[in-house]
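When reading the values below, keep in mind they use all heavy atoms of this one structure, side chains included, and skip hydrogens, waters and symmetry mates. Residue numbering restarts at 1 for every chain, and letters A, B, ... go by the order of the sequence lines. Here the structure is a predicted model, which means the values were calculated and not measured.
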Protein chains: 2
Amino acid sequence: MAPPKSKQRQILVRAAAKLFRRQGYSGTGLRDILAASGAARGSLYHHFPGGKEEIGAAAVTAAGGLVTETFAELSRQAHDPADFLRRYTRLLVQWLEASKFRDGCPITTTLLETTPGSPAITAAGQAVFADWHAVMEAMLARHGWPPERAAPTATAIIAGLEGALMLARVRGSAQPIHDTTDALCALLEAGLPTAG
Amino acid sequence: MAPPKSKQRQILVRAAAKLFRRQGYSGTGLRDILAASGAARGSLYHHFPGGKEEIGAAAVTAAGGLVTETFAELSRQAHDPADFLRRYTRLLVQWLEASKFRDGCPITTTLLETTPGSPAITAAGQAVFADWHAVMEAMLARHGWPPERAAPTATAIIAGLEGALMLARVRGSAQPIHDTTDALCALLEAGLPTAG
DNA sequence: TGTTATATGTAGACCAGTCGTCATAGTATC
DNA sequence: GATACTATGACGACTGGTCTACATATAACA
């Protein structure tokens with residue numbers, strides 16, 4: 001990753017990630033990815049000798065990385081954990097509504113389909129979740145949470161967000177996200193170890 | 001559903017549900033379902049004239065119904081909401097470990113792949129989630145939660161469970177479930193409106 | 001029992017689509 | 001001009017879901 005990688009490669013990964021998020025991994029054919037990216041079949045196999053599985057892992061890594069960056073940015077802006085969560089879910093709801101609830105989590109669907117069948121994709125997903133968790137944990141620590149409580153709380157936040165996103169997509173409504181965010185914020189505010 | 005439906009039909013639905021849960025909807029071919037159930041090709045189209053989509057919806061309904069029954073049973077046994085949650089996640093972890101983290105939520109994967117592309121499957125999923133929510137909400141109400149707080153809390157519980165289940169599967173560990181359960185229990189115990 | 005009528009199970013044809021491979025052609029960079 | 005890197009799209013072996021035609025099982029009734 002030292003060199004900025006081929007432009008064509010980036011186009012392919014982005015197209016793949018977009019499609020995987022909407023239709024899932026198995027539901028998306030190489031044909032779709034090729035059509036969406038304007039690339040040729042052999043070109044894909046040049047950049048991804050491992051075929052579909054390799055581009056799947058790359059898509060998970062890339063899409064997950066964007067979310068990691070968003071988390072990091074918001075974690076810098078937020079005044080406290082609950083504020084962080086509210087800022088993020090505000091964005092989330094915007095994205096969801098803009099796509100009419102078609103774009104869900106960019107990695108969950110793919111991971112549920114391919115874990116543990118594809119070790120490469122599973123590993124990519126584990127790495128992404130670890131990154132997310134690290135950002136959250138660091139944010140909680142920065143706001144005074146003791147380490148032994150920051151780690152499990154970070155996991156619970158990610159779980160709640162993922163579950164809420166899924167429910168929102170199926171229900172076609174942002175309500176599950178609001179409800180879950182409220183609950184998580186109550187938890188974060190109640191659990192604030194040192195007030196203010 | 002007045003008659004107990006054909007036995008073969010039930011075998012088909014069960015096999016389909018099992019496969020969808022592990023490999024997803026698109027990742028499971030009719031071929032797999034037929035092989036797993038021992039049925040013949042045309043037999044499937046006799047019981048499910050709507051083809052794969054119809055058996056997908058039936059699998060979601062059937063698998064979701066089993067979970068609803070489990071929720072209802074546990075909700076009868078539990079002393080309070082936190083106790084309910086702990087009882088359920090104990091079962092959940094047992095199932096997960098027994099399948100070596102291959103069997104996740106029986107409906108989430110299918111729904112993420114097919115929402116909103118398949119209205120029939122989406123509707124089946126919405127109905128299942130509504131059932132789960134109703135059971136949870138009733139349980140909270142029975143333990144003194146006011147209605148306006150029971151509904152969003154029930155949603156947050158389901159979201160947390162679903163997200164934790166997904167993380168557990170990807171990580172190959174029950175830890176996310178324990179962490180999320182602890183957080184949710186803290187919320188339920190803190191939020192208990194009338195103590196005892 | 002024999003004869004229907006209906007419900008269910010079986011077998012295979014069908015074609016569009018799947019992923020992966022290959023020999024070839026194009027384009028940088030030195 | 002030589003050498004790498006990149007792009008191309010046709011090809012093949014196979015699987016996808018769907019449908020039609022036939023065989024069997026079950027039930028009803030004379």
Side-chain angles (χ1 to χ4, degrees), chain A residues 1-20 22-60 109-110 113-114 117-121 124, chain B residues 1-20 22-60 62 109-110 113-114 117-122 124:
Chain A
M1 274 194 217
K5 297 237 167 179
S6 152
K7 180 145 193 165
Q8 180 91 352
R9 191 194 140 100
Q10 202 175 34
I11 292 174
L12 277 166
V13 171
R14 284 190 187 156
K18 191 171 195 170
L19 289 164
F20 289 156
R22 293 207 178 192
Q23 332 171 345
Y25 177 77
S26 304
T28 301
L30 295 190
R31 174 180 224 150
D32 302 327
I33 300 174
L34 265 16
S37 64
R41 203 164 188 75
S43 182
L44 190 151
Y45 275 87
H46 171 72
H47 293 287
F48 305 94
K52 196 183 183 186
E53 190 176 359
E54 186 175 348
I55 201 176
V60 166
T109 312
T110 298
E113 288 179 82
T114 57
S118 159
I121 300 180
Chain B
M1 272 193 217
K5 298 239 165 177
S6 154
K7 180 143 194 165
Q8 180 89 353
R9 191 194 139 99
Q10 203 175 33
I11 292 174
L12 277 166
V13 171
R14 285 192 186 154
K18 190 172 196 168
L19 289 165
F20 289 157
R22 294 207 177 192
Q23 333 169 346
Y25 177 76
S26 304
T28 302
L30 295 190
R31 214 188 188 84
D32 303 327
I33 300 174
L34 264 16
S37 65
R41 214 161 180 73
S43 182
L44 193 151
Y45 275 86
H46 171 72
H47 292 287
F48 304 94
K52 195 184 185 186
E53 190 177 0
E54 186 175 348
I55 202 175
V60 166
T109 312
T110 298
E113 288 178 82
T114 57
S118 160
I121 299 180
T122 304

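Protein atom CG of B:Leu12 is 13 Å distant from nucleotide atom P of C:dT8, rounded to whole Å. Per the geometry, CZ belonging to B:Phe20 stands 9 Å off P belonging to D:dG17, to the nearest Å. Separating the CZ atom of B:Phe48 from the P atom of C:dG9 is a distance of 11 Å, rounded to the nearest angstrom. Here the P atom of nucleotide D:dG16 and the CD1 atom of B:Ile55 are 15 Å apart, to the nearest Å. Between B:Lys52 atom NZ and D:dC19 atom C1' the separation is 17 Å, expressed in whole Å. Rounded to a whole Å, the CG atom of A:Leu44 is 13 Å from the C1' atom of D:dT6. Rounded to an integer number of Å, the gap from CD of B:Glu54 to C1' of D:dC19 is 15 Å. Spacing between atom CG of B:Asp32 and atom P of D:dG16 amounts to 6 Å, rounded to whole angstrom units.
Checking the phosphate oxygens (OP1, OP2) of D:dT18, a side-chain nitrogen or oxygen of B:Tyr45 falls inside 4.0 Å. Distances shorter than 4.0 Å separate some side-chain N or O of A:His47 from OP1 or OP2 on D:dA7.
Note: B:Thr110 OG1 to A:Glu113 CD = 9.0 Å, rounded to the nearest 0.5 Å. Separation of atoms OG (A:Ser26) and CD (B:Gln23) is listed at 8.5 Å; rounding is to 0.5 Å. Rounded to the nearest 0.5 angstrom, A:Lys7 NZ and A:Leu12 CG are separated by 13.0 Å. Rounding to the nearest 0.5 angstrom, the gap separating the CD atom in B:Gln8 from the OG atom in B:Ser37 is 6.5 Å.
Residue A:Ser26 is classed as having no contact, given no heavy-atom separation below 4.0 Å to the nucleic acid. In this structure, B:Leu30 reaches the bases: a heavy-atom distance under 4.0 Å links it to at least one base atom across the strands shown. At the heavy-atom level, B:Gly42 lies under 4.0 Å from base atoms of the strands shown.
Comparing C:dT18, D:dT6, C:dA7 against the side chain of B:His46 picks out C:dA7 as the nearest.
No hydrogens or angles were tested; on distance alone, nothing pairs the side chain of B:Arg41 with the base of C:dT10 as donor and acceptor under 3.5 Å. Residue-to-nucleotide contacts include no donor-acceptor pair under 3.5 Å from the side chain of B:Arg31 to the base of D:dG17.
The local environment of NZ in B:Lys18 is sparse, with at most 12 non-hydrogen atoms from other residues, nucleotides or ligands closer than 6.0 Å.
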